[in-house]
Structure formats: structure tokens, C-alpha cells
Amino acid sequence: MVAEHTSPNVTGHHSVDIQTVIPNDTNNQTKRNKRMNNNQMKLHGFSGGIEGGERRPLANKTFNRQVSLGTGVTVLGMDKGFKDTCNSNRDGSTSLHRSGTSLGRLRDGVGGGVPRKGDFSIFRTKSTLNKQNSLLPSRELDPHVSGLMQEDPVNKSVPAGRYFAALRGPELDEVRDSEDILLPKDEKWPFLLRFPIGCFGICLGLGSQAILWGAISSSPALSFLHITPIISLVLWVLALAVMIFVATTYSLKCMFYFEAIRREYFHPVRVNFFFAPWIACMFLAIGLPPAFAPARLHPAVWCAFVIPVFALELKIYGQWLSGGKRRLCKVANPSSHLSVVGNFVGAILAAKVGWLEVGRFMWAIGLAHYLCVFVTLYQRLPTNEALPKELHPVYSMFVATPSAASIAWKAVYGEFDAVARSFFFIALFLYISLVVRIEFFRGFRFSVAWWSYTFPMTTASLASIRYAEEAPCFFSKGLALGLSMTSSTMVALLFVSTLLHAFVWRSLFPNDLAIAITKDKNTSGGKQGKKSTKKTYDIKRWAKQAPFSLVSSITKSLSVDKDSDGHLTT
Amino acid sequence: MVAEHTSPNVTGHHSVDIQTVIPNDTNNQTKRNKRMNNNQMKLHGFSGGIEGGERRPLANKTFNRQVSLGTGVTVLGMDKGFKDTCNSNRDGSTSLHRSGTSLGRLRDGVGGGVPRKGDFSIFRTKSTLNKQNSLLPSRELDPHVSGLMQEDPVNKSVPAGRYFAALRGPELDEVRDSEDILLPKDEKWPFLLRFPIGCFGICLGLGSQAILWGAISSSPALSFLHITPIISLVLWVLALAVMIFVATTYSLKCMFYFEAIRREYFHPVRVNFFFAPWIACMFLAIGLPPAFAPARLHPAVWCAFVIPVFALELKIYGQWLSGGKRRLCKVANPSSHLSVVGNFVGAILAAKVGWLEVGRFMWAIGLAHYLCVFVTLYQRLPTNEALPKELHPVYSMFVATPSAASIAWKAVYGEFDAVARSFFFIALFLYISLVVRIEFFRGFRFSVAWWSYTFPMTTASLASIRYAEEAPCFFSKGLALGLSMTSSTMVALLFVSTLLHAFVWRSLFPNDLAIAITKDKNTSGGKQGKKSTKKTYDIKRWAKQAPFSLVSSITKSLSVDKDSDGHLTT
Amino acid sequence: MVAEHTSPNVTGHHSVDIQTVIPNDTNNQTKRNKRMNNNQMKLHGFSGGIEGGERRPLANKTFNRQVSLGTGVTVLGMDKGFKDTCNSNRDGSTSLHRSGTSLGRLRDGVGGGVPRKGDFSIFRTKSTLNKQNSLLPSRELDPHVSGLMQEDPVNKSVPAGRYFAALRGPELDEVRDSEDILLPKDEKWPFLLRFPIGCFGICLGLGSQAILWGAISSSPALSFLHITPIISLVLWVLALAVMIFVATTYSLKCMFYFEAIRREYFHPVRVNFFFAPWIACMFLAIGLPPAFAPARLHPAVWCAFVIPVFALELKIYGQWLSGGKRRLCKVANPSSHLSVVGNFVGAILAAKVGWLEVGRFMWAIGLAHYLCVFVTLYQRLPTNEALPKELHPVYSMFVATPSAASIAWKAVYGEFDAVARSFFFIALFLYISLVVRIEFFRGFRFSVAWWSYTFPMTTASLASIRYAEEAPCFFSKGLALGLSMTSSTMVALLFVSTLLHAFVWRSLFPNDLAIAITKDKNTSGGKQGKKSTKKTYDIKRWAKQAPFSLVSSITKSLSVDKDSDGHLTT
């Protein structure tokens with residue numbers, strides 16, 4: 001307490017911090033407690049420690065740094081370490097007041113204002129981490145680091161239910177207000193940590209556009225447009241460049257922050273985006289401009305891109321089937337289509353490399369799982385926690401799979417017959433039913449994830465071109481043209497937005513909060529219980545000295561425990 | 001308050017009027033509360049009003065009539081006004097005893113036995129209502145009418161869950177015993193209000209019969225019967241006549257009681273019947289006797305009849321997908337097939353007008369949604385509140401969609417191949433599995449809704465004729481003949497029943513209770529609460545003579561306020 | 001009655017009994033009550049009797065035997081008889097202490113040491129039972145037996161929920177620890193009672209192998225192997241022999257223990273195995289070696305084997321649809337595939353007898369219901385109580401249906417086209433996804449049910465042979481060969497295991513506990529209610545004379561009613 005305003009350094013830090021920053025208060029018993037009630041980080045080892053400290057104002061400031069140093073790391077041990085920290089702090093004391101919604105900032109103070117990277121090390125690849133640790137000057141950190149090492153297997157298995165509990169939004173990418181996260185919210189994280197798997201969506205969008213313009217320029221149905229194949233070529237090269245950049249960057253993330261990638265993998269929505277890189281590669285292979293392409297691609301291409309998809313499918317469909325927290329009726333959400341559409345794209349690529357039967361195999365797998373996903377999504381089971389009520393770009397995924405199925409059928413069975421038509425028409429209907437609800441799509445903040453939602457439109461355009469080839473008439477050609485233009489416009493707009501966000505506003509990659517959720521809920525249930533019992537207690541004590549009206553007003557505002565603190569400090 | 005019983009006029013008003021009613025009343029807690037427990041209409045503004053009257057036993061039984069006059073309208077204010085009314089009633093007392101399950105009856109007394117139509121104005125179209133109101137002699141009503149106007153948006157959105165809560169039966173057409181309704185149960189409502197959307201089922205039944213007999217007379221498979229096409233012609237004309245009558249009547253309802261139609265539209269089962277008029281029109285167009293028909297119908301016919309269906313589908317399938325109270329896993333019930341079968345009938349009509357590709361489009365949409373509905377219905381999810389346990393004519397809907405899909409496939413793809421066969425066989429199996437449970441179908445009261453359940457049988461017959469054409473053999477022809485005869489017999493029986501009910505027993509259109517449910521449950525929860533508090537009250541009285549230990553145990557049981565009542569009464 | 005406690009023999013019997021047997025204790029108020037709390041059999045008529053007895057310690061151990069004699073039989077009347085027994089025992093008393101986990105043993109005592117079969121008579125066919133009863137020497141038993149007779153209709157309808165509540169394991173074949181069963185656990189039951197319907201799985205396995213080897217020897221795709229058709233012939237004869245043996249045995253069970261069969265029929269998992277005999281017969285008919293076979297089988301064969309399947313389907317699919325406890329979303333489990341696969345096998349047989357259209361009919365039914373089962377299983381609805389989290393041989397069923405659908409399509413439509421291919425590929429994918437999880441399959445105890453899980457592998461092999469015929473290449477032939485060898489190896493291993501278990505270890509048929517569950521849960525709910533009210537009462541009485549600490553400790557330990565007993569006994 002007293003400590004706090006002796007050390008301006010620390011106080012400064014405190015105030016930098018967070019949304020709920022509180023003006024420096026002198027008789028700060030009550031106010032601070034109010035803050036405590038507002039932000040829920042009391043369970044953290046960190047703030048726990050601090051609170052413990054607050055109770056002994058006489059004690060000793062002198063330990064502050066050490067304590068805060070420790071707590072910065074104890075965070076990793078989460079609630080396990082909590083009680084110990086609390087206890088240990090009983091005889092030390094701290095005066096650092098932090099609202100606690102971010103945990104990393106504090107540590108910067110430790111290094112004397114120089115930001116320390118140690119913060120983000122929880123998401124580091126183990127080997128990297130080990131190396132780095134060996135370079136650390138202070139040996140005291142070791143026990144904590146080894147604690148971190150032990151925590152890893154636990155950390156690894158952030159259960160699916162946890163993601164649903166801690167996150168919200170159709171892509172589960174926003175942290176609920178009640179939740180705390182492991183990394184500082186008020187600071188820009190390292191670039192790699194802010195680089196989500198969803199970035200491969202850009203490759204999906206550009207790759208599919210390259211294919212679309214290739215088809216436009218070569219399709220007899222749209223030959224009246226006289227589109228030059230150079231557009232396709234340019235797009236393809238652009239897509240390739242972006243692919244290389246994104247893949248390289250993500251590989252670096254993989255090298256340095258493997259834990260972060262593991263958390264993305266366990267994220268029930270984002271796991272589907274792990275199909276994106278491979279699908280993007282397939283798009284590049286399918287859209288290979290005739291200039292570069294051999295008559296027929298080598299099957300090794302297929303193997304290279306489809307085998308990872310296949311392995312991932314075995315894993316994910318197995319999770320659906322074998323139940324548990326990741327059963328289909330729980331995790332189904334529009335982005336699940338990504339895990340299905342890979343089969344159809346794989347089938348198209350198989351046809352390109354001449355492996356028709358393999359393509360048919362992929363198509364059949366796709367069909368079976370599309371059926372399950374489609375029916376499950378349409379039913380909107382109440383168990384389905386991931387499905388947002390409001391519409392969202394993510395819904396455009398509904399269009400991708402039947403479009404791809406339609407194209408793939410034509411590719412592997414050679415004719416655009418009733419099956420291909422039916423899938424195309426289903427895609428078309430879903431497209432229409434989203435378009436008429438266009439107003440629901442407005443008002444969503446741009447994010448790099450939007451890219452993933454362009455390729456369904458492009459796929460639908462491609463399918464409509466195939467359909468126009470099959471049933472050439474004014475209407476079908478118009479449809480193909482209209483859809484193609486819409487999707488290209490959308491991609492162009494997104495491209496510009498992305499460039500603006502990336503280079504002008506520099507806001508393309510906000511902190512990727514979804515990967516930094518804590519492993520366990522700050523068991524607010526039990527805490528609440530305690531708090532409420534405490535509350536009643538406090539009300540009573542406080543009531544003795546306060547006029548009744550005040551009591552009642554306070555009771556309403558739920559800010560009760562301040563009073564006991566007040567007693568202790570005064 | 002005071003005003004109220006000085007001016008009898010005002011008393012009338014008081015009860016009319018709603019939300020704002022009345023604070024202050026001094027004594028007499030107990031009696032009134034007891035009364036509250038007995039009749040369930042307390043939530044009504046209406047009964048509130050009456051109760052208001054009841055509170056002044058000395059004052060004014062004389063006001064009763066006036067009060068009841070007003071209340072007919074107060075009903076609209078629903079529960080809002082309830083608590084106020086209650087409080088205001090503290091100082092009156094009652095002599096009027098009403099069970100409260102119907103609200104209109106009382107009103108008859110007002111006019112001296114002459115029923116007043118004002119009652120039903122809540123379901124009036126707004127413009128009509130305004131006009132009517134302008135004709136009313138007393139200007140005092142106006143504020144209330146404008147109150148009604150304000151209520152409209154609320155009224156509009158009777159939530160889906162409310163229908164499930166208040167109604168029962170496989171068609172959600174019976175009001176639960178615990179529920180109150182807005183209109184008088186013991187009085188015949190205006191004809192238009194009793195004319196449900198289900199009446200278009202008659203057109204479905206007759207129109208499909210006309211097609212069936214046309215097919216029987218023209219099909220090579222049944223040519224050995226030498227049926228004259230005149231039967232078909234007669235049926236068609238009859239169907240057309242009925243169609244015109246029903247459509248005209250329903251248009252009138254639409255004009256005069258648009259609110260009632262809105263309530264039908266929000267009814268989770270009945271909304272599916274909004275497809276019926278258009279499907280019936282399509283049947284008429286498909287069954288157009290060759291005498292009247294051009295070689296090929298003009299596509300405008302298709303547009304006229306299918307576009308409304310398509311728009312409705314976009315709306316309803318969208319509701320399934322976007323979740324909320326009307327998500328598929330909640331509202332799925334056999335009559336959902338009606339919303340799917342329109343696609344297949346539309347596909348057949350499209351083939352008739354020569355738009356094959358459009359027909360295939362309709363077919364694909366139908367397939368996708370049939371799949372969802374079929375699987376959902378078969379699973380019988382526990383969330384599925386609308387599905388009755390016992391079988392019911394409504395189950396015959398199961399047969400309609402695959403039959404129609406089979407015929408439509410033949411129409412749009414030109415051959416009765418594996419797909420058409422499979423759908424036909426699925427329909428056949430479902431038919432058989434309903435027939436062997438025939439005993440479950442017995443004992444249901446006739447209603448005009450039964451008509452909707454004849455067209456599945458007719459569609460199955462039609463599909464069996466198509467099948468007999470494709471695979472002519474003794475068995476298939478026998479099947480076609482048997483099914484056709486069964487369906488025709490069924491329709492004939494229904495036709496006679498309908499005539500009898502309509503003209504002899506005059507019971508064809510009972511009060512359509514389902515549309516008159518209240519917007520909110522009479523919050524029985526609260527009721528229970530009160531009751532239990534009463535109970536505890538008794539415990540307390542008893543506590544006076546019991547040792548302290550007992551008292552303390554009771555204190556725990558949350559029963560505090562009654563005791564004050566006890567004091568007041570004793 | 002009296003007889004019982006004169007004969008020490010009975011006491012001997014008593015002690016034989018059960019895991020938790022407790023030595024006769026003298027000052028047994030407290031101890032016994034503790035035990036009571038531990039094992040949950042208090043609701044049993046049996047223990048009811050004991051409890052009644054405990055209350056009167058002074059009275060009379062002398063009546064003990066008599067009481068226990070009665071209770072041994074009252075068990076049959078279950079809870080009906082409970083209260084009577086309780087009351088009647090109030091004035092008698094018992095000292096017989098039984099843990100109550102098995103109820104049948106005691107009865108053996110009646111016959112004076114000679115095991116009486118009467119025990120198992122509850123599962124007897126009624127007529128048999130009547131006959132046997134007339135042979136009983138002691139007339140006293142009659143009332144109970146007639147009580148049993150009255151119980152039958154009740155017994156018949158062990159509700160589906162009961163099976164889920166009382167059993168566990170993926171095949172619902174293990175009794176939960178908390179559950180009591182009707183027959184003695186510690187004794188070998190009569191052979192027929194231990195002979196489950198699952199034994200027909202052996203016929204499925206061998207019959208399908210015969211077909212497989214027939215296909216291997218005759219298929220052009222595998223002609224390079226030069227397999228002699230004699231293998232197939234031998235297998236077929238073996239399959240026929242086993243079929244005759246199993247069918248005969250089960251017929252005997254049907255004759256003598258019809259009640260047991262009824263219980264198997266109501267078992268939500270095992271009911272699917274009632275399809276097995278007919279499918280096995282169809283396999284035999286399909287695999288009929290050319291040596292014995294006419295050019296074309298007589299359709300009567302089809303009728304004989306498929307009509308029972310069809311009737312059963314009407315029943316079971318109807319249960320799915322009509323809701324209640326056996327709705328699809330509740331009972332769906334991998335063995336539900338058995339109820340679907342019959343359609344496809346029936347379609348193949350129909351093709352064999354030349355009834356193509358009938359085959360297509362079967363195929364369509366199969367498709368519709370396969371769709372429902374597949375989607376439902378993949379969704380893993382939370383209502384789905386039967387699906388185990390861990391994998392299990394039962395999952396291999398997933399492979400059976402699409403394989404059979406593939407073969408059947410080829411049989412009834414004449415070509416291995418896109419549909420057949422798609423089903424085959426789906427089967428193949430599911431096969432792969434099970435194989436990669438092979439480690440989950442380990443560690444399951446061998447049981448005769450394993451046989452049912454071989455035929456999916458065989459069916460997949462058959463489909464792969466058909467596929468290799470259609471698309472002959474190195475890979476497809478290799479696949480066909482590999483799958484065939486795997487399935488044959490599996491069958492060979494199982495065959496040896498079965499022989500070992502049957503003749504060496506004599507453990508092939510353990511007690512079939514699943515059929516002996518009690519009709520009602522020991523309604524702990526109601527009991528708890530009673531107990532708790534009693535508890536509070538007792539606490540109070542006791543509190544008056546006991547120090548506070550004691551009270552609190554007792555309150556915690558939930559063992560309260562003993563005290564009242566204490567009062568009574570002291």
C-alpha cells in the first residue's frame with residue numbers, strides 16, 4: 001500500500017495498464033476494492049499475491065520486486081501456484097496495484113522499463129525456450145521455468161469446452177469480459193504470436209481467384225468476354241507470393257511459438273483452418289497457368305498436398321465420432337465446412353493428376369461428411385455452442401462445399417449431370433438465402449479471417465461457369481458473369497482493405513486473444529460463493545457505522561469487501 | 001382511486017384501461033389474495049378491472065356491468081397492468097365469481113345479451129380497426145385504441161416458445177387447460193376468425209385428386225380400366241370452385257382480421273400451411289384438363305405460384321438456420337414436410353411449363369431440405385417440442401415428400417430411374433409403416449385439417465402410377481390401383497364428412513383457439529410462489545404455539561410477509 | 001417357513017452368498033445400519049424385511065429364516081410387494097444378513113440344499129412354468145408364483161431407460177455396480193439362459209466368409225490366386241452346421257425361457273441382434289455353393305428370410321419415429337447398423353432370386369434409414385446414452401452398412417457405378433479411420449459378440465473384390481486381397497478362440513447379466529425423500545440428549561436413522 005506511492009516507477013506502470021485504469025487514489029481502500037470487483041483477476045497467482053501483500057502494509061516493500069518477478073512467472077502455474085504465492089506473500093508485501101487483466105506488463109517494470117520477452121515464452125517452442133532460458137542471467141527463474149515445463153502437457157490440453165466458455169463470437173475469437181488471458185492485453189505482442197492460421201485465407205482467396213480468371217478466360221461459355229489469361233497469371237503469381245510469405249511466416253511461428261500453434265489447433269473453430277494451407281496449395285496446383293504447367297501434373301503434387309489433409313481428417317472426423325468435448329454436435333459450425341471442402345478440392349486435383357478413382361474416393365468421403373455437417377448445422381442443435389445467432393461472414397462457408405462438390409463431380413465423373421447440378425443448385429439456393437439477409441452481414445469489423453470467406457463465393461462462381469458450359473443460355477451465362485464479378489469485387493475490396501490495414505493503419509494483426517485464454521476458468525463459482533459470504537459479513541460490519549441509505553446503495557452496487565480492507569489498512 | 005368510485009363512468013374506464021392503473025389502497029390484504037389464487041385470470045387487465053370493481057362491495061356492484069364492458073378491451077394491456085390493479089384492489093371486495101377461463105362471455109351481459117363485436121377487434125386489420133373506431137359513438141375509447149395500436153408490435157411477436165407452451169396436440173391446435181385465451185371460449189366467433197389457413201387443405205386434396213384421375217384415365221399402365229377423363233374434369237372444376245371460395249374467404253379474413261393471420265403465421269405448425277394455397281394452385285395448374293390446356297403452360301403461371309413459395313422458403317429455412325426459437329430442431333414436425341413438398345411440386349410445374357433447369361433447381365432445394373427434415377424427424381430429438389408421441393393424420397405427411405420427389409425427378413430428368421425409384425420406395429415403406437399402425441390413427445375428431453392429410457396419399461398413388469408405367473407388372477399395377485382407390489375413398493369420405501359438418505351439423509369451423517392464446521404465460525411461477533408463501537404463512541401461525549426451534553426452522557423456509565397479513569386479518 | 005431355520009443348511013447357504021457378506025454380529029444396530037448405507041438394496045422386499053426385523057431386536061431372530069424365505073420370493077413381486085413385506089415383518093423379525101446383491105441363491109435353501117431351478121423360473125415361458133409349478137411339492141409357493149404370473153405383463157415392459165440406467169459398456173452388457181440383478185451372480189445359470197442372441201454372430205461371420213471365399217475363387221479380379229472353391233464349400237457347410245446348432249439352441253431357449261428372450265428383445269442394443277439370424281440365413285442362401293444351387297434361387301427363400309426382417313423393421317423404425325424411450329436419438333448405437341444392413345443383404349438376395357424391383361425397394365429402405373443412423377451416430381448427440389466414449393469392436397459395424405449398400409447396388413442395378421463406388425469408398429474411409437485407431441480396440445475381453453464384428457470386415461472385403469472387378473489395377477486387387485486376408489485371419493483367430501473358450505476354458509457363455517436387471521431402480525429418489533425427512537426428525541430427537549459435537553458429526557455422516565433404531569433397541 002504505502003509502498004505503492006513511494007515507488008513512482010511501479011505506480012507509473014500500474015496506471016499504464018488496462019482499460020479499467022483507476023485514478024491514483026489517496027485514501028484508496030474503498031476505491032481500489034471497487035476496481036477489484038470490476039475486473040475478475042483476483043484468482044491469479046499474481047494479484048492474489050498482491051492482495052495478500054496489501055494486508056500487511058507495515059511489512060516490507062523491499063520484497064516487492066522479487067515478488068512481482070516471481071508472480072510474472074507463477075502465472076504459468078496458474079491457480080496451482082496461487083495459494084502458495086498467497087501464503088508466501090503473507091510475510092512479504094507488495095504495493096503494486098494492478099487491475100490484473102494483463103499479466104505481462106508488470107514484468108517489464110522488473111527489467112527497469114526495458115520490455116522483456118520472457119512474457120511470451122509460455123507459447124515458445126520448448127527447445128527454443130530451453131535455449132533462451134539458459135541465457136537468462138538470473139538463476140532464480142529456473143524453478144518457474146521448470147514449472148512451466150511441467151505444465152506443458154496440461155497446457156497442451158486446453159479442453160474444447162474451455163474455448164467455448166472463455167471465448168465468444170462466431171469465430172470464437174473474442175474473449176468474454178469475465179475472462180482473463182495469459183498475455184498482456186495492452187501491449188502489442190510479438191508479430192509471430194499475432195499471426196493466426198487464418199492468414200492462409202488470403203491464399204485461399206487469391207488462389208481461387210486465379211483459378212476463376214483462368215476459367216473465365218478459357219471457358220467457352222464466357223468466351224464472348226475475351227478475357228486475357230494474363231489476369232489469371234498475375235493473380236496466380238500474386239497468390240504464390242502471398243502463399244510463400246504466409247507459409248514462411250507461419251513456419252517461423254511454428255519454430256518459435258509452437259505452443260501457440262498448439263493452442264490454435266485445439267481451438268474448436270480454428271482447427272478447421274489448419275486445412276486452409278493445404279487447400280490453398282491445391283488451389284495453386286489446380287490454377288497453375290498453362291504456361292508453366294505440364295499437360296498433366298505429377299501425382300506427387302497430389303500426395304504432397306492431400307495426404308496432410310487426409311491425416312487431419314482422420315483425426316478430426318475421429319474426434320467427432322469418438323465423442324467427448326469435440327463431438328460433432330458440439331463443435332459443428334460453419335467453418336467445419338473447411339474440413340469437408342478439402343475432400344472435394346482434393347478430388348479436383350486428383351482428376352488433374354489423372355487419378356480419377358482416387359478423386360472419387362475423396363469425393364465420397366466428402367459427401368459422407370458433408371451430409372453430417374450440413375444436417376447438423378441446419379438442425380441447430382441446442383448443444384451446438386459454437387453457432388452464433390446472428391449471421392456473419394462465416395456463413396458464406398455454407399456455399400463453398402456444395403459448389404466444390406459440384407465441380408469435383410464433374411471433374412471425377414466427367415459429366416455435369418444430375419448430381420453436379422443438384423449440388424450446384426443447393427449452393428445457389430444457399431447463396432441466395434444469404435444474399436437476401438445481406439443486412440445481417442454488415443457491421444463486422446474487418447479481420448484477416450474475412451479472406452477465408454471469399455473463396456466460397458469464388459467457388460460458387462466457378463461452379464456457375466461449369467454450369468453455364470453445360471447449359472449455355474442467357475440466364476446461366478449472366479449468372480456466371482454476375483457471380484464472378486461479385487466475387488472478384490469482393491476480393492479486390494478485401495485486398496485493398498488488407499493493404500490499408502497492413503501498411504497504413506498497421507492494424508492487420510491485432511493481438512490474437514483467442515490463443516491466450518487461461519486453462520481453467522477462474523472458478524468464479526467458488527470464488528463468488530466466498531465473496532458473497534464475505535459480502536454479507538462486510539455489509540454488516542459496515543452497516544454499523546454508516547447510515548442506512550448508504551448501506552442499501554452499496555449493497556446494490558456489489559462493492560462490499562472494500563470495507564474489511566478498509567478496516568485492516570486504517 | 002377516489003375518482004373511480006365517485007364517477008361510475010370513470011370506473012368503466014378504469015377497467016378498460018391498462019398499464020397505468022392505480023396505486024393507493026389501504027387495507028384488506030388477505031381476502032383478495034385468496035381470490036387471486038382461485039381464478040387464473042388475474043394477469044388479465046380484464047379481470048384486474050373486474051377485481052377492481054369487486055373491491056368496493058359497499059360502493060358498487062352497480063358498476064359491475066360497466067366494468068365488464070371496459071374490460072373487453074383491457075385484455076390487450078395484459079399483465080402489465082396487473083400488479084397495479086392488484087394493489088388498487090386492496091380496498092375493494094368482490095361478489096362477482098368468475099372462473100376466468102373465458103373472457104368474452106361477461107361482455108354479453110353488458111349489451112344486455114346482445115354480443116358485441118368489439119371483442120374480436122384485437123385481431124382486426126389496423127386500417128379496418130381505425131375505420132371502425134371512427135364510427136364508435138363514444139370518444140373515450142380512443143386512447144385505448146391507440147394503446148392497442150401501440151401493442152401491435154408486441155402482439156405481432158408472439159414468440160414460438162409461447163405457442164409450444166400454451167398449445168398441445170400434434171397440430172398445436174388445442175389450448176392447454178392451464179391457459180387462458182383472449183377470446184371467449186363459450187361463444188361462436190365471427191366466421192372469418194374461425195376460418196383457418198388449413199382450409200386450403202381441401203383444395204390440396206381435391207386438386208391432387210383431379211390430377212390423380214387425370215393420370216388414371218391417361219396412363220398406359222391403367223388404361224385397362226377405361227376411366228373417362230370426365231371424372232378428372234369434374235374434380236378439377238370442383239377443386240377450382242373450392243379454391244375460389246376458400247381463397248376469397250381467406251382474402252376477406254386477410255382484409256378484416258390481419259392480426260389473426262399474423263398469429264397463424266407465427267404458429268410453428270400452422271406456418272407450414274401457408275405453403276398450401278400456392279401448392280394447391282400448382283396442383284390446379286398441373287391438373288389442368290387437356291380440354292382447357294394449351295400444349296404448354298405459360299411460364300408466368302409458374303412464376304405466379306412458385307415465387308411466393310420460394311420467398312416463404314427463404315424466410316422459413318432462414319429461420320431454421322439462424323437459430324433462435326424457430327430453429328429446425330425445435331419446430332420440426334411432420335407438417336414441415338409441407339414446406340419442402342412445395343419445391344417438388346414446383347419442379348413438376350416447371351417441367352410442365354418447359355423450364356427443366358428451373359425444375360431441377362427446385363428439386364435440388366427440395367432434396368437438401370427434405371434431407372434435413374427427414375433426419376430431424378426420424379431422430380426425434382428431445383428438443384423437438386412439436387412432435388406428438390401418438391401417431392396422427394399429420395404423420396401421413398411423411399409420405400407426401402418422397403412421392404412428390406419421385407414424380408418430380410421423372411418430370412425434370414425425364415426418366416424414372418434409380419433416384420425416382422428410391423424416393424418412391426421410401427414413400428411406399430413409410431406408407432406401409434403407417435398403415436400397420438392404423439389403430440393409432442383412430443379416434444381423432446374430424447377437422448378441416450384432415451384434408452391436408454389426403455394429398456400425401458394421392459401423391460403416393462400418382463407416384464405408384466408412374467412406377468407402374470415404368471415397371472408394368474401385375475403387382476405394380478395392382479399397387480397403383482389399390483393406392484388410388486384408397487386415396488379416392490378417403491377423399492370421398494372426407495368430402496361427405498365436410499359437407500355434413502358444414503351444412504348439417506354446422507360444426508365445420510369451431511373456434512380457432514390456437515390463434516387466441518395470450519402473449520405471456522399467466523406466470524404460474526409467480527403464482528406458485530404466492531401459494532407457497534401462503535403455505536408458509538400457515539406454518540407461522542402455527543409457529544406461535546410451537547417452541548422456538550420450530551420457528552427458526554420455518555424462518556429458513558423463506559416465508560416472511562404472510563405474517564403481517566395474518567396480523568391484519570386477525 | 002419354520003422349516004428354514006431348523007435347517008442349518010440354510011445358514012450355510014446364506015454364507016455362500018456374495019461379496020459383501022457380513023458375519024453375524026450381535027450388538028448389530030449401528031454396524032448393520034452403516035452397511036445399509038453402503039449397499040443400496042434397502043428398497044428390496046428382501047432387505048425391507050430385514051430392516052423391519054432390526055427394529056425388534058428383542059423379539060426373535062427365531063423368525064428370521066421364515067422371513068428370509070418369504071423375501072427370497074417376494075423379490076419377484078419387487079416393490080409392489082415391498083410395503084406389505086415391510087409391514088408384515090414389523091411383527092416378525094429377521095437376523096439374516098445379506099448384502100443383497102444376488103437374490104436367487106437363498107431360494108435354493110428351500111429345497112433343503114438341493115439347488116432348485118425355481119430360481120430361474122422367472123424367465124421361463126409361461127406354459128412351461130405352469131407345468132413345472134404343478135409339480136412342486138410345497139403348495140405354499142403358489143401365491144408367489146401366481147404373483148409372478150401377475151407380474152408378467154409388467155416384467156415384459158422393462159422400459160428402455162431402465163436398461164440404460166442399469167447397464168453399461170458399449171453393448172450394455174455389464175451391470176452397474178449400484179445395480180442388483182434378479183438372478184444369482186455367483187452361480188452358473190442354466191445353459192440356455194446364458195445363450196445370448198449374439199451367438200448368431202458366429203453364423204454371420206462364417207456365412208459371410210463362405211461368400212467371401214466363393215467370391216475369391218470365382219472373381220476374375222482375383223483369379224490369379226487360383227483359389228479352389230472347396231474352401232468356400234467347407235466354410236459354407238461349417239456355417240450351416242453352426243447355424244443349425246445355434247438356431248436349435250436358441251429355439252430351445254425360446255421354448256423354455258421365453259421371458260428371457262423378451263428381455264433380450266427389449267434391450268436397446270441387443271434388439272438389433274434379432275436381425276442377425278435372418279441375415280445369417282440370407283448369407284447362407286447367397287453363399288450357397290454352385291454345387292448345390294439351382295441356377296436361380298426360388299423367391300420363397302427370399303420371402304422366408306426377408307419377411308421377418310421386414311416385420312422387425314416396421315416395428316423398430318416405428319419405435320424410432322413414434323418417440324418415447326426408444327426414439328432414435330436415444331437408442332442409436334453402432335449396432336443399429338445391424339437393423340439397416342438387413343435391407344441391403346435382402347436386396348442382394350432379392351437380386352439372386354431375380355426380384356430386382358423388390359431388391360431396389362429394400363435398397364431404398366436401407367438407404368433412408370442408413371442416412372438417419374449414420375448422421376445420428378456421427379453427431380453423437382448428448383441424448384445418445386448408448387454410445388461409449390472409448391472405441392470398441394462394435395464400431396466395426398460402421399463399415400458393414402456402406403459395404404453392403406455398395407454390393408447391393410451392383411446387384412440390383414447391375415453396375416458398380418458412382419453410387420456403388422461412393423458407398424464403397426465411404427466404407428473404406430471408415431475402415432481406415434478405425435484401423436488407425438487400432439490401439440483403442442485392444443484390451444477388450446473376448447466374448448461371443450465379437451463374431452458379429454467380423455462380418456463388417458468380410459463385407460468390406462467383398463465390396464473391395466467387386467470394386468477390383470470394376471476397376472482392375474494393382475492397387476484395387478491388392479486392396480481386395482489385403483482386406484480379404486485380414487478378415488479371414490480375424491475369423492480364424494476368433495474361431496480358435498471360440499473353440500478354446502467353449503471346450504477348453506469352458507467360459508464361452510458367462511452369465512448373461514444384462515437380461516436379469518430388475519424392473520425398477522431401487523427408487524432411491526423416493527427413499528431418499530423419506531430418509532431425509534426421517535433424518536431431520538431423528539436428528540432433533542437425538543440432539544436433545546447428545547452433546548453438540550456429536551450432532552454435527554452425525555449430520556455430516558448422513559447416517560442418522562440408526563439412532564432411532566438405537567432408541568428402540570435400548
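Labels below follow one simple rule: chain letters A, B, ... track the order of the sequence lines, proteins then strands, and each chain is numbered from 1. Below, all heavy atoms of this structure are taken into account, side chains as well, without hydrogens, waters or symmetry copies.
- Note that CG of A:Leu430 is 9.0 Å distant from CD1 of B:Ile365, once rounded to the nearest 0.5 Å.
- Contacts from residues 406-418 of chain B to chain A, taken as heavy-atom pairs separated by less than 4.5 Å, involve B:Trp409, B:Tyr413 in sequence order.
- A 4.5 Å side-chain heavy-atom check between A:Phe425 and B:Glu357 finds at least one atom pair inside the cut-off.
- The distance from the CH2 atom of B:Trp320 to the CD atom of A:Gln379 is 11.0 Å, given to the nearest 0.5 Å.
- Heavy-atom minimum distance, A:Ser422 versus B:Ala364: O-CB, 3.4 Å.
- Residue-level contacts of residues 464-474 of chain A with chain B, in order of numbering, are A:Tyr467, A:Ala471; threshold 4.5 Å between heavy atoms.
- Applying the side chain to side chain donor-acceptor pair (under 3.5 Å) criterion to A:His369, with sequence neighbours excluded, gives C:Tyr378.
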Subject >> side-chain contact (heavy atoms from CB on, under 4.5 Å) between B:Phe361 and A:Phe424, intermediate numbers included >> reply: CA-CA 9 Å; B:Phe361 176 60; A:Phe424 169 63; over 6 Å; no
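- The minimum heavy-atom distance linking A:Phe374 with B:Ala368 is given by the pair CE2-O, 3.6 Å.
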**OP:** Go through B:Tyr317 and A:Ser433 one step at a time and tell me if the side-chain contact (heavy atoms from CB on, under 4.5 Å) criterion holds.
**Re:** CA-CA 8 Å; B:Tyr317 300 162; A:Ser433 77; over 6 Å; no
Subject >> Candidate pair B:Leu371 and A:Leu371, rule side-chain contact (heavy atoms from CB on, under 4.5 Å), full reasoning >> reply: CA-CA 9 Å; B:Leu371 215 66; A:Leu371 216 67; 3.4 Å; yes
Show me the donor-acceptor pairs, under 3.5 Å and distance only, between side chains in residues 306-315 of chain B and residues at least two apart or in other chains.
from: B:Glu313; atom 1: OE2; to: B:Asn343; atom 2: ND2; distance (Å): 2.8

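- Sparse packing is recorded around NZ of B:Lys352, with 12 or fewer heavy atoms of other residues, nucleotides or ligands lying under 6.0 Å away.
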